[in-house]
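What follows is a short report on a single structure.
Just so it is clear, the structure is predicted and the values come from calculations on it, not from any experiment.
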Amino acid sequence: MAHFVDRVVLHAAGGDGGHGCVSVHREKFKPLGGPDGADGGDGGDVVLVVDPQTTTLLDYHHRPHRRAENGGVGQGGLRHGRRGATLELPVPDGTVVKDRDGTVLADLVGAGARHTIADGGQGGLGNAALASKKRKAPGFALLGTPGEEREVVLELKTVADVALVGFPSAGKSSLIAAMSAARPKIADYPFTTLVPNLGVVQAGETRFTVADVPGLIPGAAQGRGLGHEFLRHVERCAALVHVLDCASLETDRDPLSDFEAIEAELAAYAPDAVVDASGHTGEAAIPLNERPRLVALNKTDLPDGEAMADMVREELESRGLRVFDVSALNRSGLRAMGFAMAEIVEEARRQREAPSAPVQVTVRPKAVDSKPFTITREEKGGEPLFRVRGAKPERWIQQTDFNNDEAVGYLADRLAKLGIEDELFRQGATPGDAVVVGGEDGVVFDWEPTMVGGAEHLAGPRGSDLRFEDTNRPTREQKRAEQQARRDAKAAVRAEMEAQYAHWDAEEDEGAGGDEGEVEVVYTHGDPEEDLRIEHGGRSAEEAEEAEETGEGRR
C-alpha cells in the first residue's frame, strides 16, 4: 500500500576529503628529485534536486541517513586523488528545507531546482604543495577534513493554484472529482480524505490545479484534527475556496459559523517566509486569510441546502465575497465557479511574471581589524582555560597529523602567524595554561610560548639557522686583542703552576735533610709519570722498585 509522506527528518553527511601524500621523487642519476606527493581529493556534496517524477518523501522516511562519496587520497608522482561524486537526492516539487529549529533554508519549486545541504570535506595538501624556499622537502602532508554533517527537515507543500478548504464531509472531494479527472476517495463519514488530492481544471484557455485539503476543525492551527498536518499545503495557493455544507445534519452548525471557524484557523496559521534555492530570503508570504477567497455553498440540490443557501448568501456577499451555489451531484454552478477561479489564477500569474525592480547589492569591505578567530577565557576545575574558535584554526587542527612532529611544528607556525599567540598574551595567558582549539571535542594542549615556533633554540623562522647567516666578521685589531688575551691567560696559568711546584720542592728539601745536594730533581711540568722517570734515572717507579729489591740499586 502506497503511503503519502510529506515530512521527514534527513541526516546528510558530505564525503570526507582525501589525505595528502608524502613522497620524494626517486630516479636514477637524479638524487635531488624533490617532493612529488600529490593532494587529496575533495569529498562529495549532498544536493537536493527537484524531480517531477517524485511525488512523495517516502524513500527518505525508510532510509533517512545519506552520505556522499569520500575523496581519493593523493599519491606519489603528483597523482592527485579524485573528487568524491556528488550525491543528488530527488525530491518532489514544492519541498521546503528547514533546520531543526524551524528556520527555512530553501524552498525548492520548479523542476531542476537544487540546494546543497551538506558540503564535502576539503582534500589535504601533499608535500609537493607545501614545499617552499626554506622548506625544500617537507616530511609531512595535510590530512583531509571530514565532510559536513547536517540534520534537516524536509516538508512537502503542495504546488497548487487553488485550495478547497472546509469542515469534514463538506463535499470537497466530491467537488474536485466533478471538476477534474481526479478520483479521490468519497464516503459518508468524516475525515475520508487523509492526504491532499490534486486535480487539473480547464476553464476556457486557462488550466490550473485545485487541491483538496483534508478537513479542518476548530483548533487545527494548534494541532487538532488533520488540519495541523496539511495547512502548509495551502501556503502556495493563490486563492482559497470555502466549501460550506448547506445541508448539514448537525444542529450546532451552520454555514456562517463554519466560515468564521475556518477563517479563524487560517488567520492563526503563520506561513513560512519565501526562501529561494540559494538560501536568500524574499518577500514575506501573504497570510492565508488575506488571499483572494471564494465561497461555494455546496449541496444546494437538496431542499434544505437550497433554503440554507438563500439565508446566508446575502450575509456573505456583504463581506465582499463572491458566492456560488454549487452541487457536485448535478454539477450545477461548477462552470461559473471554475471561471471565477481562473480569473484569480491568471491575475496571480501576471503578478509573478511582472518584472521586479533589480535588487540593489551593497558590497561592504571586510573590516581591517577583523580577526578570523575569537578567544574566550573560561574556568575549568578552578584553572583558567582559553578557548579558540574560528573556521581557520579549527580546520587546521583537523588537517594536522599529530603523530608527525614536523606537521605539529607547521601547525604552530600557522597559529602564531594568525595572531593567536599575541592574543593569548593580551588576555593574560601564562605558560602552562590550557588552550583548546574548537568546541567541546576540540584539541587541548598546554600553552608554551617558547615552543610555538617549533624550534625553541633558534630565533629565526623554521628552516633557517642564524648561525649560518651571521655576517659580522671581526677586525684585525679584535683578532689581535683576542690572541693577546689567550696568551695572558696561558701565562697566568703557567705562573700559578710554577709557584705550586716550587712549594712542593721546598717541602721535599726540608724532608731530605743534608742529602739535598746528592740528588738532582728535574721537573718537566707535564706528565707526573715522566717526572718520576727522570727522578729515578730514566726508569719508571715499578722498575726502580724492582731494582731496589734485587740490590741493583745499591751497587
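Of the inter-residue distances, the one linking Gln122 atom CD with Leu142 atom CG reads 9.0 Å to the nearest 0.5 angstrom. Between the CG atom in Asn298 and the NE2 atom in His242 there is a gap of 14.5 Å [rounded to 0.5 Å]. Note: Met341 CE to Leu294 CG = 6.5 Å, rounded to the nearest 0.5 Å. Once rounded to the nearest 0.5 Å, the distance linking CD1 of Ile117 with CG of Leu87 reads 8.5 Å. Between atom CG of residue Asp39 and atom CG of residue Leu125 there is a gap of 5.0 Å, rounded to the nearest 0.5 Å. Rounded to the nearest 0.5 angstrom, Cys246 SG and Lys299 NZ are separated by 9.5 Å.
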Listing, residues 146-153 side-chain donor-acceptor contacts under 3.5 Å, not counting sequence neighbours, or none:
unit_1 : atom_1 : unit_2 : atom_2 : d
Glu148 : OE1    : Asp119 : N      : 3.0
Glu151 : OE1    : Arg100 : NE     : 2.9
Glu151 : OE2    : His11  : ND1    : 2.9

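When all heavy atoms of Ala238 and Pro292 are compared, the pair lying nearest together is O-CD, 3.3 Å. Heavy atoms only, all atoms of each residue included: Leu334 and Ala178 are closest at CD1-CB, 3.6 Å. Residues Thr54 and Pro90 share a closest heavy-atom pair of OG1-CB, 3.8 Å. Taking every heavy atom of both residues into account, Pro52 and Ala111 meet most closely at CG-CB, 3.6 Å. Scanning both residues, Pro255 and Leu244, for their nearest heavy atoms gives O-CD1, 3.7 Å. Across all their heavy atoms, Asp93 and Val50 have their closest contact at CA-CG1, 3.6 Å.
The pair Glu343-Arg322 meets the salt-bridge criterion, with a side-chain N (NZ, NE, NH1 or NH2) lying under 4.0 Å from an Asp/Glu carboxylate O. With respect to Arg331 and Asp301, no salt bridge is recorded, no charged nitrogen being found less than 4.0 Å from a carboxylate O. We find that Arg293 and Glu263 are joined by a salt bridge, their nearest charged nitrogen and carboxylate oxygen being less than 4.0 Å apart. Arg82 and Glu69 are joined by a salt bridge, as a carboxylate oxygen and a charged side-chain nitrogen come within less than 4.0 angstrom of each other. Between Asp325 and Arg313 there is a salt bridge, with a side-chain nitrogen of the basic residue lying less than 4.0 Å from a carboxylate oxygen of the acidic one.
Using a 4.5 Å heavy-atom threshold, the side chains of Lys392 and Leu415 count as separate. A 4.5 Å side-chain heavy-atom check between Val241 and Val295 finds every atom pair outside the cut-off. At a threshold of 4.5 Å between non-hydrogen side-chain atoms, the residues Phe167 and Val243 do not count as touching. Looking at Arg114 and Glu88, their side chains come closer than 4.5 Å, going by heavy atoms from C-beta outward. Ile397 places a side-chain heavy atom less than 4.5 Å from the side chain of Leu411. Side chains of Val91 and Asp51 form no contact here, defined as non-hydrogen atoms less than 4.5 Å apart. Taking 4.5 Å as the limit, some side-chain heavy atom of Arg349 sits within range of a side-chain heavy atom of Asp161. Contact check for Leu297 versus Phe324: no side-chain heavy atoms found under the 4.5 Å cut-off.
Within a 6.0 Å radius of CZ in Arg207, other residues, nucleotides and ligands contribute 12 heavy atoms or fewer. Other residues, nucleotides and ligands place no more than 12 heavy atoms under 6.0 Å from the CZ atom of Arg335.
Checked by atom type, the side-chain pair Thr145/Gln398 shows no donor-acceptor distance below 3.5 Å. Side-chain contact of Asn330 with Ser332: a donor-acceptor pair under 3.5 Å is present, judged by distance alone. For the residue pair Asp36 / Ser23, a side-chain donor-acceptor distance below 3.5 Å is found, with atom types taken as modelled.
A side-chain contact (heavy atoms from CB on, under 4.5 Å) with Val323 is found for one member of Glu317, Met337, Glu315 and no other, namely Glu317. The ring-ring contact (aromatic ring centres under 6.0 Å, His included) test with Tyr410 is passed by exactly one of Trp396, Phe140, Phe402: Phe140.
A donor-acceptor pair is defined here as one N or O able to donate and one able to accept, closer than 3.5 Å; such a pair exists between the side chain of Arg79 and the backbone of Gly76. Distance alone, capped at 3.5 Å, places no donor-acceptor pair between the Asn127 side chain and the Leu130 backbone. Between the Asp101 side chain and the Thr103 main chain, no donor and acceptor come within less than 3.5 Å of each other. His19 places a side-chain N or O within donor-acceptor distance of the main-chain N or O of Gly144, the cut-off being under 3.5 Å.
In this structure, the salt bridge (charged side-chain N to carboxylate O under 4.0 Å, His left out) partners of Glu378, at least two apart in sequence or on a different chain, are Arg387.
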Does Val162 form a side chain to side chain contact (heavy atoms under 4.5 Å, CB included) with Ile344? I'd like the steps, not just the answer. CA-CA 9 Å; Val162 180; Ile344 299 177; over 6 Å; no

Show, in sequence, the C-alpha distance, side-chain angles and deciding distance for Leu10 and Leu48, and conclude whether the side chain to side chain contact (heavy atoms under 4.5 Å, CB included) test is met. CA-CA 11 Å; Leu10 180 63; Leu48 300 177; 4.3 Å; yes

Between Lys380 and Val444, does the side chain to side chain contact (heavy atoms under 4.5 Å, CB included) criterion hold? Intermediate values first, please. CA-CA 12 Å; Lys380 187 174 183 180; Val444 184; over 6 Å; no

Pair Val49-Leu89, side chain to side chain contact (heavy atoms under 4.5 Å, CB included): steps then yes or no: CA-CA 6 Å; Val49 183; Leu89 303 178; over 6 Å; no

